[in-house]
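Order of the sequence lines sets the chain letters (A, B, ...), proteins ahead of strands, with each chain counted from 1.
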Amino acid sequence: NYTLGDAVARMMRMLGRNVLHPMGWDAFGLPAENAAIAHGIDPAVWTAENILKMRRQIRLMGAGYDWSREIATCEPEYYRWNQWLFLQLYKHGLAYKRDAAVNWCPHDKTVLANEQVIDGRCWRCSTLVERRFLSQWFLRITAYADRLLNDLANLTGWPERTRTMQRNWIGRSEGVQFAFAVEGLDDKVEVFTTRIDTLFGATFLAVAPEHRVVARLQQIVSREHAAAIESFTQSLKSKSELERTSLMEKHGIFTGAYAINPLSRERIPLWLTNYVLAEYGSGAVMGVPAHDERDFDFAKSHGLPIVQVVVPSEGPSGEPLESAFVEDGRLISSEDFSGMSSARAREALAERLAFMGAGGKSVNYRLRDWLISRQRYWGTPIPILYCAACGEAPVLDDQLPVLLPVRSHMAEFLETTCPKCGGKARRESDTMDTFFESSWYFLRYLDPHNDAAPWAAEHARRWMNVDQYIGGAEHAVLHLLYSRFFYKFFHDRGWIAGADEPFENLFHQGLVLRDGEKMSKSRGNVVGIDQTAERSGIDAMRLFLLYVTPPEETSNWTDEGISGRVRLLNRIWRACEPYFGQTRSATEPMAAAESPAEKALVRAAHVAAKSAIDETVSRRFHYNATIAKLDELVNLMTAASSGMPESPATRYAAEALPILIAPFAPHIAEELWERFGHATSVHLERYLEPDQRALATEEITLVVQVNGKVRARIPAPAGVSESEALALALHDSNVRVHLGGKEVRKHIYVPDKLLNLVAA
RNA sequence: GCCCAGAUGGCGGAAUUGGUAGACGCGCUGGUUUCAGGUACCAGUGGUGGCAACACCGUGGGGGUUCGAGUCCCUUUCUGGGCACCA
């Protein structure tokens with residue numbers, strides 16, 4: 001995973017840029033905790049051991065990280081600032097605790113993030129997830145919904161699909177919020193709709209079983225209806241949102257109560273259903289079967305009336321609907337709004353409702369506040385305490401960090417005193433979602449040892465934002481959204497200057513598979529770093545990973561593939577060997593080459609250099625193409641060693657090789673460089689600058705087409721004129737055969753490339 | 001169902017703005033070196049026909065634009081990824 005990033009960092013540095021390339025450990029979390037439990041070890045010990053192992057292997061891979069900036073999120077030096085940032089969010093009203101319906105795994109006994117629920121089941125133990133009402137900590141990411149959405153337009157360095165995924169995730173929709181009165185109750189039910197133009201087609205009102213009106217209905221309906229409401233609510237109580245919606249048919253019950261349409265004054269039945277989400281909008285919808293597919297399905301299966309109030313602007317109407325007509329059109333049966341277009345009716349109805357004081361325009365998001373508390377041990381303690389007298393209180397800044405206790409001392413940990421009254425208080429026992437730590441770690445790299453602040457503003461001013469971010473696409477709406485939220489908050493505090501987006505350019509890497517499957521211990525198809533280092537060498541591995549596939553594609557590890565790169569490295573070594581110990585000052589490329597073969601050799605070196613640079617500055621990173629150019633160069637050098645005597649050209653090409661390969665195969669590059677007799681590191685050199693004269697060719701192949709088909713390839717001097725090219729073509733025997741004596745009506749000439757003769 | 005990305009030899013993949021399709025590598029075939037194997041090196045390797053020169057076909061299928069299409073347009077099939085009752 002880190003090979004591409006390292007190649008990019010090394011290329012950038014050899015192009016003269018000042019590169020900060022750090023590494024750290026996102027070390028808290030459920031998987032580490034469970035693995036530690038399974039091994040009967042303290043998670044802190046388990047994690048420390050694994051960091052040691054992984055650090056050794058990553059160093060073995062030759063990644064050029066600045067290890068002086070290494071961080072681990074499970075260390076107090078880091079999570080202290082995690083707690084401090086939580087308190088900053090708390091003080092600005094962006095962290096709050098509330099009762100909410102959450103995903104609960106009854107087996108693991110913790111809440112789960114939405115992303116940890118797969119098809120309604122716990123991602124680890126496959127237990128069916130339940131819905132529970134618990135008091136949990138949330139971050140108010142929805143306060144930034146509009147900015148998170150609008151600023152996506154400026155993220156031109158991000159893949160379009162990632163921006164689209166974030167747009168869909170945030171899911172802004174504009175509509176109207178208004179209320180239905182409930183007959184016999186001094187209470188109203190608010191609904192949100194994007195299709196207020198269909199208001200007169202509402203034939204029922206549907207609410208989620210959790211809606212607060214449900215309890216009050218029990219007082220006004222018959223005993224039978226009250227019992228039905230109770231049993232329906234009970235049957236759905238523990239069912240997760242996903243279970244209710246995706247895994248169940250639409251169903252519902254009539255409550256026995258009626259709601260009043262605020263405009264038509266029509267009386268419509270109030271239903272409880274499983275398909276209305278408690279957590280979106282107001283937890284209630286107006287049911288318009290004629291113009292909404294879901295309402296149509298529900299009305300059909302429950303015998304509710306279907307009233308069409310929008311008809312296509314042109315074409316026939318009046319036919320009974322076979323499915324919901326969801327497009328815009330022209331209103332009918334809608335009192336004085338009849339005849340209006342949907343668009344105009346939406347404006348007019350919003351105004352009318354606002355005038356009546358019954359509602360108005362509103363915006364809703366599918367984005368929900370981020371649930372960050374976890375009933376888990378291995379995480380950052382949430383720095384809050386609860387006093388019987390004073391209530392909820394933040395831990396004072398000078399009391400940070402709240403250290404994670406060893407597990408046997410949990411009881412002592414929880415007991416504390418209130419900072420206000422000095423009385424007994426209890427600590428919050430939940431820890432934070434690990435996505436909290438990972439939402440700002442890139443800033444800590446700038447100033448990893450600062451014990452007065454998470455980072456000093458001057459460092460952020462100097463380095464931010466992240467110029468190139470490389471990671472998997474699986475974080476499109478998680479880490480990459482959370483980080484944007486945090487960064488905007490920091491920016492608003494004045495802790496960061498410049499852009500309020502953390503990642504300027506984003507690149508998603510493809511997976512590396514083996515035998516068509518993801519490498520994993522359980523599948524037993526993992527390729528060991530140590531074993532690979534031993535057998536093939538790290539440089540061959542790095543070259544292979546960059547070479548198999550363009551970096552954004554899924555690639556397949558093969559043992560044959562890596563041996564091809566071992567062969568390349570051996571050939572590079574042999575091509576350089578004759579010149580060991582003969583350092584000279586840099587040679588001017590054109591002076592080195594005389595014969596066409598020598599010029600081709602020098603040219604190949606510059607073609608490779610141009611490819612490496614182009615792939616880097618364009619941020620396409622298709623180094624597979626660059627390495628193919630290196631193959632071509634080495635092929636020429638191998639041919640030269642048998643046919644061409646040692647010459648300034650072969651020497652020039654050999655001496656260019658360590659620099660050309662340095663970002664991709666750093667170890668052998670350094671070794672060759674030293675053997676040439678250099679006293680300093682090749683990694684401190686500038687990359688080979690492509691020379692226009694070295695790239696130019698003196699002879700070209702003129703492709704001659706007759707009526708668009710290639711009929712001859714004629715060698716010609718570069719810059720051959722159109723008339724000369726025409727003369728050459730007309731002298732070619734195969735061209736004459738295909739012209740068959742016919743007149744050349746016209747011709748198309750592409751200089752130094754192609755001549756197409758069009759014959760009658 | 002909706003949205004996005006893709007489809008090129010036996011395999012992974014190349015191919016500025018439409019201008020030599022298959023670079024480079026893997027694999028395979030033959031050869032040189034070797035007692036032998038391996039390594040290394042040389043030659044060949046999209047299909048069909050031909051001794052060859054060369055011809056025809058060929059970038060998932062069908063249609064179109066163009067002197068010329070892997071590349072642009074329409075349509076269709078398949079594959080991968082994402083979202084799936086958000087009112």
Enquirer: Does B:C57 have OP1 or OP2 sitting under 4.0 Å from an N or O in the side chain of A:Lys709?
Expert: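 Checking A:Lys709 against B:C57: at least one side-chain N or O falls below 4.0 Å of OP1 or OP2.
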Enquirer: Would you indicate what A:Val191 reaches in the nucleic acid, counting non-hydrogen atoms under 4.0 angstrom: base, sugar-phosphate, or nothing?
Expert: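 The answer is nothing, as A:Val191 stays clear of every strand by at least 4.0 Å.
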Enquirer: Could you label the plane-to-plane angle of the A:Trp370 and A:Tyr482 rings as parallel, tilted or perpendicular, counting under 30° as parallel and over 60° as perpendicular?
Expert: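 If you compare the ring of A:Trp370 with that of A:Tyr482, the planes turn out parallel.
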Enquirer: To the nearest angstrom, how far is A:Tyr547 atom OH from B:C11 atom C1'?
Expert: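 Distance check: A:Tyr547 OH to B:C11 C1' gives 13 Å.
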Enquirer: Under a 4.0 Å N-O cut-off, is there an ion pair linking A:Glu577 with A:Arg574?
Expert: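 Looking at A:Arg574 together with A:Glu577, the answer is no, because their closest N to O distance does not fall below 4.0 Å.
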Enquirer: From B:G12, B:C24, B:G19, pick the nucleotide closest to the side chain of A:Gln705?
Expert: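 Out of B:G12, B:C24, B:G19, the nucleotide with an atom closest to A:Gln705's side chain is B:G19.
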Enquirer: So if I take every side-chain heavy atom of A:Thr164 and compare against B:C3, B:C24, B:A87, which nucleotide ends up nearest?
Expert: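 Of all the options, the side chain of A:Thr164 is nearest to B:C3.
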Enquirer: Would a 4.5 Å heavy-atom cut-off, applied to side chains only, mark A:Tyr280 and A:Arg368 as touching?
Expert: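 A side-chain contact exists here, since the closest heavy-atom pair is under 4.5 Å.
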Enquirer: Distance check, C1' atoms only: B:U66 and B:A14, in whole angstrom units.
Expert: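 One C1' to the other, the span is 25 Å.
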Enquirer: So A:Val750, base contact, sugar-phosphate only, or nothing? Heavy-atom distance under 4.0 Å.
Expert: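 A:Val750: base contact, heavy atoms under 4.0 Å.
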Enquirer: A:Asp631 side chain: which of B:C85, B:U20, B:G25 is closest?
Expert: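 Nearest to the side-chain atoms of A:Asp631, counting from C-beta on, is B:G25.
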Enquirer: Would you say A:Asn635 places a side-chain N or O within less than 4.0 Å of OP1 or OP2 belonging to B:G25?
Expert: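 Yes, because at least one side-chain N or O of A:Asn635 sits under 4.0 Å from OP1 or OP2 of B:G25.
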Enquirer: Just checking A:Asn364: base, sugar-phosphate only, or nothing, at a heavy-atom cut-off of under 4.0 Å?
Expert: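 Touches nothing.
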Enquirer: Looking only at side-chain N and O atoms, does A:Tyr280 come under 4.0 Å of OP1 or OP2 in B:A87?
Expert: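 Yes, because at least one side-chain N or O of A:Tyr280 sits under 4.0 Å from OP1 or OP2 of B:A87.
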Enquirer: Would you tell me if any nitrogen or oxygen in the side chain of A:Asn624 comes within less than 4.0 Å of OP1 or OP2 on B:A14?
Expert: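 So the side chain of A:Asn624 is within the cut-off, an N or O lying under 4.0 Å from OP1 or OP2 of B:A14.
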Enquirer: More 5' along RNA chain B: A:Lys610 or A:Lys746, using each one's nearest nucleotide?
Expert: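 This one resolves to A:Lys610.
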Enquirer: Does a side-chain N or O from A:Arg713 land closer than 4.0 Å to OP1 or OP2 of B:G19, or not?
Expert: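 False: A:Arg713 side-chain N/O out of range (4.0 Å or more) of B:G19 OP1/OP2.
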Enquirer: Looking at the side chain of A:Arg366, which of B:A87, B:A23, B:C83 is the nearest nucleotide?
Expert: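 In terms of side-chain proximity for A:Arg366, the closest of B:A87, B:A23, B:C83 is B:C83.
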Enquirer: Work out how far the C1' atom of B:G1 is from that of B:G10, and round it to whole angstrom.
Expert: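 To the nearest whole Å, 38 Å.
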Enquirer: Do any side-chain nitrogens or oxygens of A:His738 fall under 4.0 Å of OP1 or OP2 in B:C54?
Expert: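 It does not, given that no N or O in the side chain of A:His738 lies less than 4.0 Å from OP1 or OP2 of B:C54.
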Enquirer: Nearest-nucleotide wise, let me know which of A:Ala628 and A:Tyr365 is further upstream toward the 5' end of RNA chain B.
Expert: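 Comparing both residues, the 5'-ward one is A:Ala628.
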Enquirer: Of all the nucleotides listed (B:G19, B:C4, B:A87), which has the minimum atom distance to the side chain of A:Thr194?
Expert: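 Looking only at heavy atoms from C-beta outward on A:Thr194, the closest nucleotide is B:A87.
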Enquirer: Within less than 4.0 Å of OP1 or OP2 of B:C4, is there a side-chain N or O belonging to A:Arg163?
Expert: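 No, no such contact exists.
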Enquirer: Within the 4.0 Å heavy-atom criterion, would you say A:Asn168 contacts the bases, only the backbone, or no part of the nucleic acid?
Expert: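 Here A:Asn168 touches no strand at all.
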Enquirer: Quick one: which of B:G25, B:A14, B:C4 gets closest to the side chain of A:His622?
Expert: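 Looking only at heavy atoms from C-beta outward on A:His622, the closest nucleotide is B:A14.
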Enquirer: Side chain of A:Asp292: nearest nucleotide among B:A87, B:G25, B:G19?
Expert: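 Of the options given, the side chain of A:Asp292 lies nearest B:A87.
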Enquirer: How should the glycosidic conformation of B:G46 be described, syn or anti, under the criterion that syn lies within 90° of 0?
Expert: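 That one's anti.
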Enquirer: Given the P atoms of B:U59 and B:A7, what is the spacing between them in whole Å?
Expert: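 Their P atoms lie roughly 13 Å apart.
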Enquirer: Quickly, which of A:Arg620, A:Lys610, A:His622 forms a side chain to side chain donor-acceptor pair (under 3.5 Å) with A:Glu615? Name it, please.
Expert: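 Considering A:Arg620, A:Lys610, A:His622, a side chain to side chain donor-acceptor pair (under 3.5 Å) with A:Glu615 is found only for A:Arg620.
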Enquirer: Between A:Phe298 and A:Phe204, what is the ring plane arrangement, given parallel below 30°, perpendicular above 60°, and tilted in between?
Expert: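 A:Phe298 vs A:Phe204 ring planes: tilted.
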Enquirer: May I ask you to evaluate whether A:Arg565 reaches the phosphate of B:C26, defined as a side-chain N or O under 4.0 Å from OP1 or OP2?
Expert: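 Answer is no, no contact under 4.0 Å.
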Enquirer: Which nucleotide in the set B:C41, B:A15, B:A40 lies at the smallest distance from any side-chain heavy atom of A:Arg620?
Expert: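 When the side chain of A:Arg620 is considered, B:A15 is the closest of B:C41, B:A15, B:A40.
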Enquirer: State, with a plain yes or no, whether a side-chain heavy atom of A:Arg195 is found less than 4.5 Å away from one of A:Val288.
Expert: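 Heavy-atom side-chain distance check fails, nothing below 4.5 Å.
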Enquirer: Please state whether the phosphate of B:C56, meaning OP1 or OP2, lies under 4.0 angstrom from any side-chain nitrogen or oxygen of A:Arg711.
Expert: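 Yes, because at least one side-chain N or O of A:Arg711 sits under 4.0 Å from OP1 or OP2 of B:C56.
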Enquirer: On the nucleotide B:G13, are OP1 or OP2 found under 4.0 Å from the side-chain N or O atoms that A:Asn556 carries?
Expert: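 Answer no for this pair, as no side-chain N or O of A:Asn556 is under 4.0 Å from OP1 or OP2.
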Enquirer: Can a side chain N or O of A:Arg167 be found less than 4.0 Å away from OP1 or OP2 on B:C83?
Expert: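 So the side chain of A:Arg167 is outside the cut-off, no N or O lying under 4.0 Å from OP1 or OP2 of B:C83.
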Enquirer: Remember a base hit wins even if backbone is also touched, and classify A:Asn734 as base, sugar-phosphate or nothing at under 4.0 Å, heavy atoms.
Expert: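 Sugar-phosphate contact only - A:Asn734 comes under 4.0 Å of backbone atoms but never of a base.
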Enquirer: Relative to each other, are the rings of A:His479 and A:His475 parallel, tilted or perpendicular (30° and 60° limits)?
Expert: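 Perpendicular: the ring planes of A:His479 and A:His475 meet at over 60°.
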Enquirer: Would you mind classifying the nucleic acid contact of A:Gly171 as base, sugar-phosphate or nothing, using non-hydrogen atoms under 4.0 angstrom?
Expert: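 The residue A:Gly171 makes no contact with any strand.
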Enquirer: From the options B:A84, B:U20, B:A87, select the nucleotide whose nearest atom is closest to the side chain of A:Ser173.
Expert: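 Between B:A84, B:U20, B:A87, the one nearest the side chain of A:Ser173 would be B:A87.
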Enquirer: Could you check whether A:His251 and A:Phe232 have their ring centres less than 6.0 Å apart?
Expert: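 Distance test on ring centres: under 6.0 Å, yes.
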Enquirer: What's the closest nucleotide to the A:Glu560 side chain, out of B:C26, B:C41, B:G12?
Expert: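 Side chain of A:Glu560 sits closest to B:C26.
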